[in-house]
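We count ligands from 1, going down the list as the structure has it; atoms in each ligand are counted the same way.
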Amino acid sequence: MSSTPAIHRENGTLYIEGVSCSALAKQYGTPLYVYSRRALTEAYNAYASSGAKVHVAVKANSNLGVLSLFARLGAGFDIVTGGELARVLAAGGKASNVVFSGVGKSADEMRYALREGVKCFNVESAPELERLNDVAGEMGLKAPVSLRVNPDVDPKTHPYISTGLKGNKFGVAFSDALGTYKRAQEMPHVQVSGIDCHIGSQITDIAPYLDALDRVLDLVAKLKAEGVPIAHIDVGGGLGIDYGNGDAPPKTEQFVSTIISRIHEQEPTAEVWFEPGRSLLGNAGVLLTTVEYLKPGEEKNFCIVDAGMNDLARPSMYDAFHDIVPVVETAERGEDAASTNGVDGGATTWEIVGPVCESGDWLGHDRALAVQPGDVLAILSAGAYGFTMASNYNTRPRPAELVVDGETVHVVRERETVQSLFAGEHLI
Ligand SMILES: *Cc1c(COP(=O)(O)O)cnc(C)c1O
């Protein structure tokens, strides 16, 4: 593999592998999601080379083309709905490689997952366990389960993406876990297979994982003493990425090997499972957008672009930072854009905002950029929780999605048409 990063500059122009982002914007229009096959492959291999079992969190990026690449790499998948299972199967993934997480599994979703033969249900509550036992019983099957336990540790991330605290809706409370496992052991239609824990997302420090793991390993020892077999330990996902704002998460290889050795110290035969999403996909994708208007003002200068909160929800939803860069650097364009946009002084900072009718429709605050209408900007680190969180608010068709593989461009999702947005609606 080449040592040039998959997303890089050549003569001042941003490239995804062998294809320039200018050319992509011109040919396919903006807003446009572009993913690099090489970047996601490298991110996957950083996990998989350890021998751990990797289940790609489908909710981070559920495009069929993207999932098909992971399926070919031999990945498993972590799903939270029946819809995501259908996507995995349509992309060529195997149900026998799927773990089913989520707090609100319906009986229909359980039936579907049992019929297809998923590898494990990550059960998040006692009533869910009862329901799963009933549903599997009706079908004459035994459901493989692990309990998602809530270790009550603070992952020190955004409150909306922390999931392992007592006050979160996720998982079985730590104090109830032993009792719930014992109950599972008595059930005729569930089969205990392992234990699971997922404490949050965009975690940039390994310490909360080790804290959670200590608690989980304590529990595993108790479970074994009670005769409950724990063949796998699933440490969830959540490893953060560098969004370009100073976060410095550990390298995947280092993170994975630290976790595995800690588990194997105590449980040398346990299989170790991961459920990463963001750390596989986040930095493998960008969102390209075109500058529509510049609106310099007394207090703020607005740079209005053609992508909005409906295309990329993370800034408005989590106050998240995404680096925003010009696709063609100013020096290469041969002019000083800042001097021609009506604002004095080259060092202009901009509020990068979308066209959606909400003041919360912003993509970046206070960005120093030399821009002109018509320029294409790249919103970086948009490969995870980008398209999957997009909506049609303001009747905006969702962007096209591309996968670049070397010099080859695959359209893995066509841009939506306005017609398709109201195809299922009816006049009275
Ligand atoms: C969202 C989610 C993940 C993936 O989290 P990332 O932060 O994207 O790695 C893994 N497991 C479960 C249960 C999840 O809900």
Side-chain angles (χ1 to χ4, degrees), residues 40 43-44 46-48 52-63 66-67 70 75-81 83-85 87-88 97-105 109 113 118-125 128 145-151 155-165 168-172 194-206 208-209 212 216 232-243 247 249-250 252 255-256 259 272-285 313-314 317-318 320 381-389:
L40 64 83
Y44 175 81
Y47 275 94
K53 189 71 202 160
V54 185
H55 305 86
V56 180
V58 173
K59 72 180 193 290
N61 188 324
S62 59
N63 180 280
V66 169
L67 296 182
F70 285 116
F77 296 92
D78 175 77
I79 59 163
V80 292
T81 61
E84 289 187 348
L85 176 55
R87 281 184 173 274
V88 168
N97 263 335
V98 167
V99 297
F100 192 173
S101 303
V103 286
K105 301 176 191 79
E109 287 177 317
V118 299
K119 178 162 68 172
C120 193
F121 288 83
N122 287 341
V123 172
E124 303 217 16
S125 66
E128 182 191 331
V145 301
S146 74
L147 291 192
R148 175 172 176 181
V149 297
N150 182 335
K156 305 211 166 50
T157 183
H158 190 284
Y160 284 9
I161 49 178
S162 87
T163 58
L165 280 164
N168 292 129
K169 70 176 176 182
F170 297 100
V172 175
I195 190 164
D196 169 51
C197 125
H198 170 76
I199 56 173
S201 201
Q202 187 54 17
I203 302 169
T204 53
D205 185 359
I206 205 160
Y209 280 101
V216 167
H232 75 261
I233 298 177
D234 182 341
V235 291
L239 180 62
I241 61 167
D242 180 2
Y243 276 100
D247 277 352
T252 299
F255 164 76
V256 168
I259 300 282
V272 182
W273 295 4
F274 290 91
E275 304 168 348
R278 190 187 312 274
S279 52
L280 295 177
L281 285 149
N283 278 331
R314 299 189 66 260
M317 192 162 170
Y318 307 121
S381 312
Y385 306 105
F387 188 93
T388 49
M389 293 178 99

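Between Ser279 and ligand 1, no pair of N/O atoms sits closer than 3.5 Å.
Counting the atoms of ligand 1 from 1 in the order shown, those under 4.0 Å from a heavy atom of Arg148 are 13 (C). If you number the atoms of ligand 1 from 1 as listed, the ones under 4.0 Å from a heavy atom of Arg278 come out as 6 (P), 8 (O), 9 (O). Near Ala57, meaning under 4.0 Å from any of its heavy atoms, are these atoms of ligand 1: 3 (C), 4 (C). Per-residue contacts place Ser101 under 4.0 angstrom from the following atoms of ligand 1 (heavy atoms of the residue considered): 13 (C). Close approach of ligand 1 to Gly277 is summarised as follows: ligand atoms under 4.0 Å from at least one heavy atom of the residue are 4 (C), 6 (P), 8 (O), 9 (O). Annotation for ligand 1: atoms under 4.0 Å from non-hydrogen atoms of Gly237 are 9 (O), 10 (C). Short contacts between ligand 1 and Pro276, defined as distances under 4.0 Å to a heavy atom of the residue, involve ligand atoms 9 (O).
In terms of protein heavy-atom proximity, atom 1 (C) of ligand 1 is closest to Lys59 NZ, 1.3 Å. The protein heavy-atom contact nearest to atom 11 (N) of ligand 1 is Glu275 OE1, 2.6 Å. Looking only at protein heavy atoms, the nearest one to atom 8 (O) of ligand 1 is Tyr385 OH, 2.5 Å.
Side-chain rings of Tyr318 and Tyr385 stay apart, their centers remaining 6.0 Å or farther from each other.
At a heavy-atom distance under 4.0 Å, only side-chain atoms of His198, from C-beta outward, approach ligand 1.
Looking only at side-chain heavy atoms (C-beta outward), Lys53 and Lys119 come within less than 4.5 Å of each other.
For the pair Asn61 (side chain) and Asn63 (backbone), a donor-acceptor distance under 3.5 Å is present.
Relative to the ring axis of Phe100, Lys105 places its NZ or CZ within 45° and under 6.0 Å from the centre.
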